[in-house]
Novice: 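Let me give you the structure first, and then I'll get to my questions.
Labels below follow one simple rule: chain letters A, B, ... track the order of the sequence lines, proteins then strands, and each chain is numbered from 1.
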2 protein chains.
Amino acid sequence: MSLRHALLGLLSQGPASGYDLLKTFDVSLANVWPATQSQVYAELGRLASAGMVEVSAQGPRGRKEYAVTEAGRAELRHWLTQTDPGPLSRRSEMLLRVFFLGEVSPEQAHDYLRRQAELGEERIRRLAPLREMVSTMDDSLSIYGSLALEWGMRFSALQRDWALWAEKEIERLPEHRRCEQPNTETERT
Amino acid sequence: MSLRHALLGLLSQGPASGYDLLKTFDVSLANVWPATQSQVYAELGRLASAGMVEVSAQGPRGRKEYAVTEAGRAELRHWLTQTDPGPLSRRSEMLLRVFFLGEVSPEQAHDYLRRQAELGEERIRRLAPLREMVSTMDDSLSIYGSLALEWGMRFSALQRDWALWAEKEIERLPEHRRCEQPNTETERT
DNA sequence: CCAAACATGTAACATGTTACATGATTGC
DNA sequence: GCAATCATGTAACATGTTACATGTTTGG
């Protein structure tokens with residue numbers, strides 16, 4: 001139930017509407033905890049019912065600005081200090097595929113890993129410019145957000161380096177068994 | 001819908017029952033694509049309806065052994081070569097918390113990062129012995145599985161190193177603003 | 001004989017995604 | 001006036017988790 005805490009966290013930086021929060025999700029939290037519009041509005045409603053946020057102002061177009069309550073702040077702090085995040089949210093489609101790379105030709109396996117290396121590299125290039133951007137801001141979110149950004153950079157480098165290593169690794173595989181069907185990815189439904 | 005492909009992948013190593021597959025999930029795939037019993041049996045049913053697997057033998061206790069069909073193999077290969085995994089499954093509770101570390105005291109933030117470093121270290125120690133184990137086996141799953149294992153080792157090291165770096169980073173934060181409430185994590189509902 | 005392991009399945013619930021539906025205000 | 005943006009909400013569906021429910025075989 002961490003969307004709840006994401007919302008409490010954002011609101012603890014100051015009051016905002018669902019619409020505002022949504023934009024923050026798209027910008028700051030997109031790579032860490034994405035959320036859809038439906039989710040945000042629904043959860044805001046639940047948080048209000050639970051007394052963790054309250055409507056602090058109303059604007060045009062039915063705009064409702066929410067502010068976190070003391071109960072909400074307490075919940076946020078509790079979540080933050082009650083350390084141990086439910087174990088890293090594992091489940092990697094990328095790695096799952098690796099397990100079954102023996103089902104395709106060595107060339108295809110090679111291509112797959114090469115592609116993963118490229119994706120890592122691309123991600124690095126995509127994140128790099130953000131570094132400069134956040135360094136010019138100084139709200140609490142950006143400061144700590146830049147730690148998350150650094151994580152993303154390191155993670156992307158890991159992906160790239162690991163994929164390049166793995167590529168070489170399968171090359172020197174004690175003769176490639178399993179060459180029954182050299183290539184059978186042609187037409188499909 | 002990758003559970004489907006995980007099952008096809010496992011069955012392509014040889015026929016197995018839901019019960020067998022479940023054990024494989026607990027052992028090999030646990031860190032990459034966990035699945036529950038309910039999920040496995042349900043998906044096997046769907047795969048059978050779709051003609052991607054078929055019951056190849058029946059055993060005692062109602063045991064049904066499934067084998068992948070040619071259609072299933074085609075689907076698996078398609079999935080493997082149709083590269084680009086739906087972007088890395090992001091969503092990290094660990095990083096989400098980092099964003100809001102400004103809400104707790106510097107000491108608590110420090111403790112949090114230190115704990116993350118420890119968890120990384122622990123994970124390294126937990127994975128290390130597996131390395132030896134897989135090197136003695138030689139089925140396709142283990143060979144490629146060891147690539148995934150290496151990824152896990154590198155990932156854990158990343159977590160540890162990053163957390164240690166981040167810990168130092170917040171230490172030298174241009175004076176800690178936000179010291180309204182030094183510590184308010186006491187009793188709770 | 002009885003416990004452990006084998007073996008399968010269903011139901012209730014939580015979470016997340018996509019698409020639909022609606023309307024008000026602002027700026028040009 | 002009209003398009004873009006602001007703004008909120010609901011419904012249908014997919015996926016995943018937990019708990020319940022049941023029965024068989026093997027080995028000691």
Novice: Taking only the side-chain heavy atoms of B/Y41 (C-beta and beyond), determine which of C/dA7, D/dG16, D/dT5 contains the nearest atom.
Specialist: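 The answer is C/dA7.
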
Novice: As a test of understanding, state which of B/R97, B/R91, B/R90 forms a salt bridge (charged side-chain N to carboxylate O under 4.0 Å, His left out) with B/E93.
Specialist: B/R97

Novice: Is there a continuous path of hydrophobic side-chain contacts, each under 4.5 Å between heavy atoms, that joins A/W33 to A/F155?
Specialist: yes

Novice: Any side-chain N or O of B/R63 below 4.0 angstrom from OP1/OP2 of C/dC6?
Specialist: no

Novice: Report yes if at least one side-chain N or O of A/K23 is closer than 4.0 Å to OP1 or OP2 of D/dT5; otherwise report no.
Specialist: no

Novice: Quick check for you: among D/dT25, D/dT17, D/dA7, whose closest atom lies nearest to any side-chain atom of B/P60?
Specialist: D/dT25

Novice: Confirm from the modelled atom types if A/S38 and C/dT18 form a donor-acceptor pair under 3.5 Å, side chain to base only.
Specialist: yes

Novice: I want to check a possible cation-pi pair here: B/R154 against A/W165, using under 6.0 Å from ring centre and within 45° of the ring axis as the test.
Specialist: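 B/R154 over A/W165 ring: yes.
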
Novice: Between A/R91 and D/dT17, does any side-chain N or O lie under 4.0 Å from OP1 or OP2?
Specialist: yes

Novice: Between A/L3 and B/G62, which is nearer to the 5' end of DNA chain C once each is assigned its nearest nucleotide?
Specialist: B/G62

Novice: CG of A/L44 versus P of D/dA7: gap in Å, rounded?
Specialist: 14 Å

Novice: Rounding to an integer number of Å, can you tell me how far A/L7 CG sits from C/dG16 C1'?
Specialist: 14 Å

Novice: Any Lys/Arg nitrogen of A/E122 or A/R125 sitting under 4.0 Å from an Asp/Glu carboxylate oxygen of the other?
Specialist: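 Salt bridge: no.
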
Novice: Could you state the CZ-C1' distance from B/R90 to C/dG16, rounded to the nearest angstrom?
Specialist: 12 Å

Novice: Checking all strands, does A/S17 fall into the base, sugar-phosphate, or nothing category for heavy-atom contacts under 4.0 angstrom?
Specialist: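 Counting heavy atoms under 4.0 Å across all strands, the contact made by A/S17 is with sugar-phosphate only.
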
Novice: A/R46 CZ to C/dG16 C1': how many Å, rounded?
Specialist: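 Checked: the CZ to C1' distance equals 11 Å.
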
Novice: Taking NZ from B/K64 and P from D/dG23, how many angstroms apart are they, rounded to a whole number?
Specialist: 17 Å

Novice: Provide, to the nearest angstrom, the distance between the CZ atom belonging to A/R61 and the C1' atom belonging to D/dT5.
Specialist: 7 Å

Novice: Reading DNA chain D from 5' onward, which residue's closest nucleotide shows up sooner: A/Q37 or B/Q37?
Specialist: A/Q37

Novice: If you only use heavy atoms from C-beta on, which nucleotide in D/dG16, C/dG9, C/dA5 is closest to the side chain of B/Y66?
Specialist: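 Output: C/dG9.
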
Novice: What is the distance, rounded to the nearest whole Å, between atom CD of B/E43 and atom C1' of C/dT10?
Specialist: 16 Å

Novice: Using atom CG of A/L21 as one end and atom P of D/dA7 as the other, report the distance to the nearest whole Å.
Specialist: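 It is 12 Å, rounded to the nearest whole Å.
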
Novice: Any ion pair linking A/R114 and A/E118 (charged N to carboxylate O, less than 4.0 Å)?
Specialist: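 Result for this pair is no, no salt bridge flagged.
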
